[in-house]
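Below is one structure; the comments refer to it alone.
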Amino acid sequence: MANESTLPQPTPSSSPSILTTLLSNARPEDVISYITVSDPVIHADGMNKYTSYRVDCRPPPFDPTPSTNNNDSTIMPDLFLQNNQGQYSSVLRRYSDFLWLYERLHKERAGSIVPPLPEKQAVSRFSPEFVEERRLALERFLRRVILHPEVMDCDAVGIFLRGDDVTFQHAKNVSKSVDKRSAGGEGSVGGGDIMNSSTHLSGAGAFNLTPQKTAGIKKWFSEAKTTLSNDLVSSPDDDLFDEIERYIESLSIQMKRVSNQASGLVRKSKEIANGLFEFGLAFHQLGQSEGEVLGKKLQLVGSTADTLSVLSAQHADAEWKKLEEPFKDYLKMIHAVKLALGRRHDKRVSYTALLHEIQTREVNLHRLRMSPGREGQAYSTEMSIQRYQAAAEVAREDYAECSQRVLREVDRFKREKAEEMKMVVLEFIMLEIELNRSMEKIWGELVPKLEEGSVATDGSGSVEASSSMAASSSAQQATMVNLPPMPASQPTYSNVPAASDPMMESSIQYRDNNIVGMGL
């Protein structure tokens, strides 16, 4: 969000309500200035080359008085600041560490709309421009996480911000081992422990544990079978979630169209800037080939076009920052909503798969009890059913919690994005107004310069330009009087060669109209 000095200044004809909205509404992540990502340093360790960033957390003393803007709407309270007063920290993190935090947030708070992380890039990732662009994106991601009401208190956030190198690496190793033990690595941290226990449920009993890899394959096959059969457990909110999915899909399609049009608008603004530059260059060259007075005026037009070219280029950059980039970020947030809905679907599939497994084992237990001499297998199957029932109960709670979290997140997404969209549109309108006013002013200043000398007067009040035009007209008439009279024009024929001497005139013969039989 641009500060007050970079925004268009108020003019008598500008709308005060729009300017007030622009100056009083800052994006939420811009307020969390005590979280910074700075000092990128490129490290080269043999074939391993990476960039590290300094992550600082310097929360100021908490002010319990809620801040309000000019629209009398209270800004969302900074809960992280309330719970972390005076806890300063400074750590070094690389992109893979941010990626670890992003993945842990998805697992610890399944169903949350986790802020998007900047994408990976294989080429030119160590150029100064790319490093600075990524630094800003990582800082925006971290500030959004701190403001996120669902994920700000995750254990991974505290370890990421304050853990030293040893503690942080240990946390990464532990989470990696938990993901390996959890079949498929699905669910949050709590869900990982649940699935860790469920990996032992595939065996016939407590003393016959299926190997971990085989358990993961069986769980994946069970969930895939459940998904393909589309025989998922139902809930009262299924219709509501179906409506949300249709809304998000439609919104994604429309926003892609708007984003493409915004990109095209920025591209055309750059083309206008280049066109004005070429236009100015042509007038400069034309002015150099003309006389002194006319040449200077033509070069003035060229200089004005150069000025407008620079102004248009700056406007194109501002449009990219204020229009194209916010729309692309909006598309990323829509994708984050889809991921949250996908997490809920995964929870639903896991819960349904456990229910189906319980039903299958209950049928198997009934068959074993009816078979003499198989009491031991029946007992083992009964024990495994009890463990599956416990896991299914926990999975049901996880599914319900994830569903409620998704509903809260979608509601928050709609409210916040509606406000941000309004800000984007208002900023774009003010950019266009400022550009047109600036261009009108520059062209208006050129007109008096072009008119100078064309109607200039001397001290006695006589019009010099008119006198010179009259003198020129008189001289032209005098010259025309002294010329000999022009001969009368003769008809010319394209198929008759020009006569070089008088004798050639006899070579042209005409038909005699008195010949008998030739008259009409």
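Source: prediction; values computed, not measured.
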Donor-acceptor pairs under 3.5 Å, side chain of residues 326-333 to any protein atom, not counting sequence neighbours: which ones?
unit_1, atom_1, unit_2, atom_2, d
Lys328, NZ, Glu324, OE2, 3.3
Asp329, OD1, Arg144, NH1, 3.1
Asp329, OD2, Arg144, NH1, 3.4
Asp329, OD2, Arg144, NH2, 2.9

Test item: Ser112 side-chain N/O and Arg109 main-chain N/O as donor-acceptor pair under 3.5 Å: yes
Sequence neighbours excluded - salt bridge (Lys or Arg N to Asp or Glu O under 4.0 Å) pairs with any residue from residues 123-139: Glu132-Arg135, Arg135-Glu139, Glu139-Arg143
Presence of salt bridge, Glu409 and Arg412, under 4.0 angstrom: yes
Test item: Ser252 side-chain N/O and Ile248 main-chain N/O as donor-acceptor pair under 3.5 Å: no
Charged N-O contact under 4.0 Å between Asp411 and Arg415: yes
Pair Arg348 + Asp238, salt bridge at N-O below 4.0 Å: yes
is_close_aromatic(Phe283, Phe279), centroid dist under 6.0 Å: yes
Aromatic centroids of Tyr53 and Tyr95 separated by under 6.0 Å: no
No-hydrogen, no-angle side-chain donor-acceptor test under 3.5 Å, Glu432 and His315: yes
Residue list, side chain to side chain donor-acceptor pair (under 3.5 Å) with Asn274, at least two apart or on another chain: none
Lys/Arg N to Asp/Glu carboxylate O, Glu290 vs Lys296, below 4.0 Å: no
Point-to-point distance, once rounded to the nearest 0.5 Å, from OG of Ser269 to CG of Leu431: 10.0 Å
Crowding at NE2, His43 (>12 non-hydrogen neighbours, <6.0 Å): yes
Pair Asp164, Thr167: side-chain N/O donor-acceptor within cut-off below 3.5 Å: yes
